2 protein chains.
Amino acid sequence: MPTPDRTSLAAIVTAGRELLERGGPAKVSMQAVADRVGVRAPSLYKRVRDREALLQLIAEDIVDDLGTVLAASDGTLTGLAHAYRTFAHTHPEGFRYLYASSPDLAHLQRASEPVLQAARAAVGEERALDAARLVTAWATGFLSMELAGAFRLGGDVDGAFEYGLAQLQVALRQS
Amino acid sequence: MPTPDRTSLAAIVTAGRELLERGGPAKVSMQAVADRVGVRAPSLYKRVRDREALLQLIAEDIVDDLGTVLAASDGTLTGLAHAYRTFAHTHPEGFRYLYASSPDLAHLQRASEPVLQAARAAVGEERALDAARLVTAWATGFLSMELAGAFRLGGDVDGAFEYGLAQLQVALRQS
DNA sequence: ACCTGAACACCGTTCAAGT
DNA sequence: ACCTGAACACCGTTCAAGT
């Protein structure tokens, strides 16, 4: 005798993401997720293999959102960098978790497509991949360090971001 | 009646670091650490407030090692970048954990001193902090992404590192 | 002063039994 | 077909009792 579904995979992932954003990965317990979607913990295993698989799905959901945000930018390297930083500030725990986990390659590739495109426009087909990696590595490192509080020493963090971006533009214009 | 000490804080931190390096933070359980130093889990609480404090100590131990490695390099930005990368390859889990946690500021500052010095030599006192942050952010982001497998797509990863380093040198030479 | 076994709360996961 | 309570293994942590 079938029972009407009391939850869904999407609801579970969303609940997990909310918990992640509120308190980091440690707060994403199966019990807390189950509470949030109105079901008992064992029921989650009907839709998700285990906790690790759930965290993976959450990471992919975050990458997809990031991809949407980047695609909605003006497509210049500056625009992309600022959109990336805004995303990191809006979803700090999600952003940090992205690089703590090993997100699925296909999702990552889709999200970074606009960056590759902007790099292509800036330095040409030949150097596009290297240039995209240069800018992405810098921005990712900068935001990781900013969120980790590694810039607490002083100096203007916004200024340091703009400085870095300007320097990279200079470098890319020379190739 | 005093009992002879059966372990030490240093031994506990070392054991924890070995476990971290072997299997990531999840493998650093109080029981596993206790087993490794030849004591029962509750005894650890004589030397360490709780698991989180132990992980913090492990992170600081890693930063100290990194500082030593960087200080032993030739002191140029290129030398520092390569030393940093070698460290990340030798201690991948430790490196990843460093940026997942929020390492103590004093330790971080000591470790990054040589980078600031190299930046000072390259661009002068005025721009040293911004330049150090540019290079550090790039290298940290690059290594995080490399270790996370974000470069699995293809292309020459070593080549991308050298390309990035060269571009940054060009940019810094212009300021 | 340090160490231990016992105990507690909590979590991930499995499974037989319910609808 | 999905949901649940009960159960199990495991973990972090506390504490009274040992030396």
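Note that the coordinates shown come from a computational prediction; the quantities given were computed from them, not determined experimentally. Chain letters run A, B, ... following the sequence lines, proteins first, then strands; residues in each count from 1.
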Next item on the list: Give a yes or no on whether the ring-centroid distance for A:Tyr99 and B:Tyr99 is below 6.0 angstrom.
Entry: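 For A:Tyr99 and B:Tyr99, the ring centres are not under 6.0 Å apart.
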Checklist line | Ring centers of A:Phe87, A:Phe95 separated by less than 6.0 Å | finding: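 When the ring centroids of A:Phe87 and A:Phe95 are compared, they turn out to be at least 6.0 Å apart.
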Checklist line | Side-chain donor or acceptor of A:Thr90 paired with backbone N/O of A:Thr86 under 3.5 Å | finding: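 Pair found, side chain donor or acceptor close to backbone of A:Thr86.
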Checklist line | B:Arg6 vs C:dT4: side-chain N/O to OP1/OP2 distance below 4.0 Å | finding: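 Yes, because at least one side-chain N or O of B:Arg6 sits under 4.0 Å from OP1 or OP2 of C:dT4.
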Checklist line | Nucleotide pairing, DNA chain C (Watson-Crick or G-U, distances under 3.5 Å), in dot-bracket with [ ] and | | finding: ||.|||||...|||||.||
Item checked: Between D:dC3 (P) and A:Asp35 (CG): distance, integer Å ->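 Interatomic distance, CG of A:Asp35 to P of D:dC3: 15 Å.
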Checklist line | Euclidean distance, atom CG of residue B:Asp50 to atom C1' of D:dG12 [Å, nearest integer] | finding: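 Taking CG of B:Asp50 and C1' of D:dG12, I get 9 Å after rounding.
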Margin query: Give me each pair satisfying salt bridge (charged side-chain N to carboxylate O under 4.0 Å, His left out) with a member in residues 82-104 of chain A, each pair once, sequence neighbours excluded.
Written below: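 Every pair satisfying salt bridge (charged side-chain N to carboxylate O under 4.0 Å, His left out) with a residue in residues 82-104 of chain A: A:Arg85-A:Glu146, A:Arg85-A:Asp158.
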Notebook entry, point to check: A:Gly94 and A:Ile62: which non-hydrogen atoms are nearest, and at how many Å?
Noted result: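 That would be CA-CD1, 3.6 Å.
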Next item on the list: Looking only at non-hydrogen atoms, find the nearest pair between A:Ala118 and A:Leu80 and report the distance.
Entry: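 Heavy atoms only, the tightest pair is CB-CD1, 3.6 Å.
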Note to self: Enumerate the side-chain hydrogen bond (donor to acceptor under 3.5 Å, both in side chains) contacts for residues 106-118 of chain A, please, sequence neighbours excluded, ordered by first and then second residue.
What the structure shows: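 Every pair satisfying side-chain hydrogen bond (donor to acceptor under 3.5 Å, both in side chains) with a residue in residues 106-118 of chain A: A:Asp64-A:His107.
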Next item on the list: Quick one: which residue pairs count as a side-chain hydrogen bond (donor to acceptor under 3.5 Å, both in side chains) with a foot in residues 124-142 of chain A, not counting sequence neighbours?
Entry: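 Listed once each, the pairs are A:Tyr84-A:Thr140, A:Arg120-A:Glu125, A:Arg127-A:Asp130.
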Notebook entry, point to check: B:Gln56 and B:Ser102: side-chain donor and acceptor closer than 3.5 Å?
Noted result: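 No - no donor-acceptor pair under 3.5 Å links their side chains.
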Next item on the list: Remember a base hit wins even if backbone is also touched, and classify B:Ser8 as base, sugar-phosphate or nothing at under 4.0 Å, heavy atoms.
Entry: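 No contact.
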Filtered N/O pairs between nucleotides 7-11 of chain C and protein, under 3.5 Å:
none

Check: Which residues in residues 41-49 of chain A have at least one heavy atom lying under 4.0 Å from any atom of DNA chain C?
Finding: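 Going residue by residue through residues 41-49 of chain A, the ones with a heavy atom under 4.0 Å of DNA chain C turn out to be A:Pro42, A:Tyr45.
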Notebook entry, point to check: Do NZ/NE/NH1/NH2 and the carboxylate oxygens of A:Asp65 and A:Arg17 come within less than 4.0 Å?
Noted result: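 A salt bridge is present here (some side-chain N lies under 4.0 Å from a carboxylate O).
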